[in-house]
Visitor: 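First the structure, then my questions, so here it is.
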Amino acid sequence: MIYELKGTGFWLDEACDKLLEYLKDLDPDSRSIICAAGMTPSAPIHFGILREVAISSFITDELVRRRRKASLVYYWDDYDHFCKIPYYTTKDAVSEHIGKTLRDVPDFNGSYNSYGEHYMHEFEECVHKCGFFPNYNYQSRMYKFGLYADRIRAALNKRKEIFDIVSRSSGMSEDEASVKRDSYYPLEVYCDKCGKDSTVTTSWNSEKDCIEYTCKNCGHKGSYIIGKDFRGKLAWKVNWATRWSDDCVCYESSGENQLTDTGSYSVSSRVATEIFGGHVPFSLLYRFIGMPGIAKVSRAQGEKTLATRLTGVLEPCIVRWLLLKNPPNKAFSVDIEEGIFRIYHEWDAFVDKIESGECTDLDRRIYNISMEGVEFSKFRIPFRTIIIALGICDGNKKTAAQQMLKMTGFNGTADELLVAAHSRINAAYYWLYKCGHVENQLSLRASFNDSAWQELSDACKNAVMQVCRNLDSFTNEDDAKKILYDIASQTGADKDLFHAIYMLCLGKERGPKLTTLLCLTQKEKLLALLKGDNK
């Protein structure tokens, strides 16, 4: 069953209500409700994939809260072939591995046992960081140990019936279908000699439990015993139906491209019911996540769309909040570059509503689920403030925490502030130094900028000296702002004062919010930069 949310209340309630209604005839009370998600680890994984596992995890947890037995299985299709070239290399550089199983392709970065393992491990870390803990099903193991052997035999024995199902959704003409029907085998076979899937299955002998094949890549002609040494897998749409039938999958989210009339879900549903005698899971439609200028993030867009980047720069509770507050049937965009400051600001405003009690029951529920089982900053510092503090302190987190003490109102030591805000400080460090935001990596000048000083008007020099005399009063941004504007107005320096301070401190005409810069920088350092040896 394909279901698209109608917007009747909170999406999580609507989805679970409709799922349980669908399952009434399947008697789910006597067993666990299996929810599923999965993908092929064929490249560095983009953060759009997090939406699927998040939706399935939220639904699983809600079922448990309703006292139903439920669990989430994540299927890793690591027995698929390697065909997607990662953004950091070229087709020529990896051509010898194209067509091999992802389990058999080496990790090009040398960190893991295989290419597939690398990206599975990275994504699992992201998933766990966000508080999602599925049971993992590695398809390479399932095929290696022959756990799908009976399904393979059933598919081979009914291969023509499967072809009829598949061909009807492919747009194939009747003449073309009649030619291909007899030679169709619902398998992807890996050559025993070269390891690639450039093979053509030529025969199936059910009595001998044997298939024969020819490899177009190396010319090898070979055979496999299905229940003994078979190296291959069922074709995707048949494989999907196999998982549903074997594991009694009751729920699985699907992207809009899979839920078309001729999409994977439709074909697999017919295979599951007509060939394997199983049932079709309830499938909730979800739409894509984009970013500024891109409607749908994908693996082809490189580092800026990686799941590791999203979970690196956002606190886990904020990732959960974004994925929870946007209904699955609503496409939305995430800007974790310059828009990251707005995301943190909106989250902090949301938490302020919760803490003040000026929130709805739904707000509080979304907040509670967002915070469930993940790290969060117990003391929230504006994200931009942390970025400036880290920049001033050359990335030293402890020194930055020391500088933030006086302007945040935190009642404790720098070490205690590091603990209370470590989730956000770590995210800010990642955004600043791991994501290449060079323009935000502030560096205070090492010495007094005498040439800039000589270019200042007398009024501006007088204003800078008054700033120096008032530095002890720069304990918070509001006071600092008032003092700066008063000095600029009284001396006639106006906006030239701000330009002068940036040039003297940074050697640049512009910089971060000036009051934040002045409140965070050590007084002794400011005095050395603003007045040097001038009295």
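Residue numbers run from 1 in the order of the sequence given. This structure is a prediction, so every number in the text was calculated from the model and none was measured.
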Visitor: Give me the ring orientation class for F288 and Y286: parallel if the planes are under 30° apart, tilted from 30 to 60°, perpendicular past 60°.
Guide: perpendicular
Visitor: Would you check if there is a donor-acceptor pair between the side chains of S253 and Y251 at a distance under 3.5 Å?
Guide: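 The criterion, which ignores hydrogens and geometry beyond distance, is satisfied for S253 and Y251.
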Visitor: Do any side-chain atoms of residues 267-274 form donor-acceptor pairs under 3.5 angstrom with protein atoms, and if so which ones, sequence neighbours left out?
Guide:
unit_1	atom_1	unit_2	atom_2	d
S268	OG	K237	O	2.8
S268	OG	S264	O	3.0
S269	OG	Y265	O	2.6
R270	NE	E274	OE2	2.8
R270	NH2	E274	OE1	3.4
R270	NH2	E274	OE2	3.2
T273	OG1	S269	O	3.0
T273	OG1	R270	O	3.3

Visitor: Measure the spacing between OH of Y429 and NZ of K434 and express it to the nearest 0.5 Å.
Guide: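 NZ of K434 is found 6.5 Å from OH of Y429.
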Visitor: With respect to Y344, which candidate in F383, W321, W431, F350 satisfies the ring pair (Phe, Tyr, Trp, His ring centres under 6.0 Å) definition?
Guide: F383
Visitor: When you check the gap from the basic side-chain N to the acidic O, do K129 and E124 get nearer than 4.0 Å?
Guide: no
Visitor: Before accepting this row, confirm whether a basic side-chain N of the pair D17/R66 lies closer than 4.0 Å to the acidic partner's carboxylate O.
Guide: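 R66 and D17: salt-bridged.
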Visitor: Parallel, tilted or perpendicular: which one describes the rings of H128 and F133, with boundaries at 30° and 60°?
Guide: parallel
Visitor: Do the side-chain N and O atoms of N426 and K397 include a donor-acceptor pair separated by under 3.5 angstrom?
Guide: yes
Visitor: Hey, is D78 close enough to R103 for a salt bridge, meaning N to O under 4.0 Å?
Guide: no
Visitor: Among T101, N239, T40, L234, which one satisfies side-chain contact (heavy atoms from CB on, under 4.5 Å) with Y79?
Guide: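 Only one option passes, and that is T101.
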Visitor: Identify whether the distance between the nearest side-chain nitrogen and carboxylate oxygen of R243 and D77 falls below 4.0 Å.
Guide: yes
Visitor: Do the charged groups of R342 and E346 touch, with an N to O distance under 4.0 Å?
Guide: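 Looking at E346 together with R342, the answer is yes, because their closest N to O distance falls below 4.0 Å.
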Visitor: Run the side-chain hydrogen bond (donor to acceptor under 3.5 Å, both in side chains) test against S377 and tell me which residues pass, sequence neighbours left out.
Guide: E315
Visitor: Taking the ring of F132 and the ring of F58, is the distance between their centroids below 6.0 Å?
Guide: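 Yes, ring centres under 6.0 Å apart.
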Visitor: Do D361 and R364 meet the salt-bridge criterion of a basic N to acidic O distance under 4.0 Å?
Guide: no
Visitor: State the SG-CG distance between C35 and L63, to the nearest 0.5 angstrom.
Guide: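 One gets 5.5 Å once the value is rounded to the nearest 0.5 Å.
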Visitor: Around R384, counting heavy atoms of other residues, nucleotides and ligands shown, do more than 12 lie under 6.0 Å from its CZ?
Guide: no
Visitor: Just wondering, more than 12 heavy atoms not from D229 lying within 6.0 Å of its CG?
Guide: yes
Visitor: Identify whether the distance between the nearest side-chain nitrogen and carboxylate oxygen of D80 and K233 falls below 4.0 Å.
Guide: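 Salt bridge present between D80 and K233.
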Visitor: Are the aromatic ring centres of Y115 and Y119 under 6.0 angstrom apart?
Guide: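 So the answer is yes for these two rings.
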Visitor: Going by atom types only, do Y138 and E117 share a side-chain donor-acceptor pair under 3.5 Å?
Guide: no
Visitor: CZ of R320 to CD of E372: how many Å apart, nearest 0.5 Å?
Guide: 6.0 Å
Visitor: Any chance you could measure M407, atom CE, to L520, atom CG, to the nearest 0.5 Å?
Guide: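 So the gap between those two atoms works out to 5.0 Å.
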Visitor: Should the pair R380-D352 be classified as a salt bridge under the 4.0 Å nitrogen-to-oxygen rule?
Guide: yes
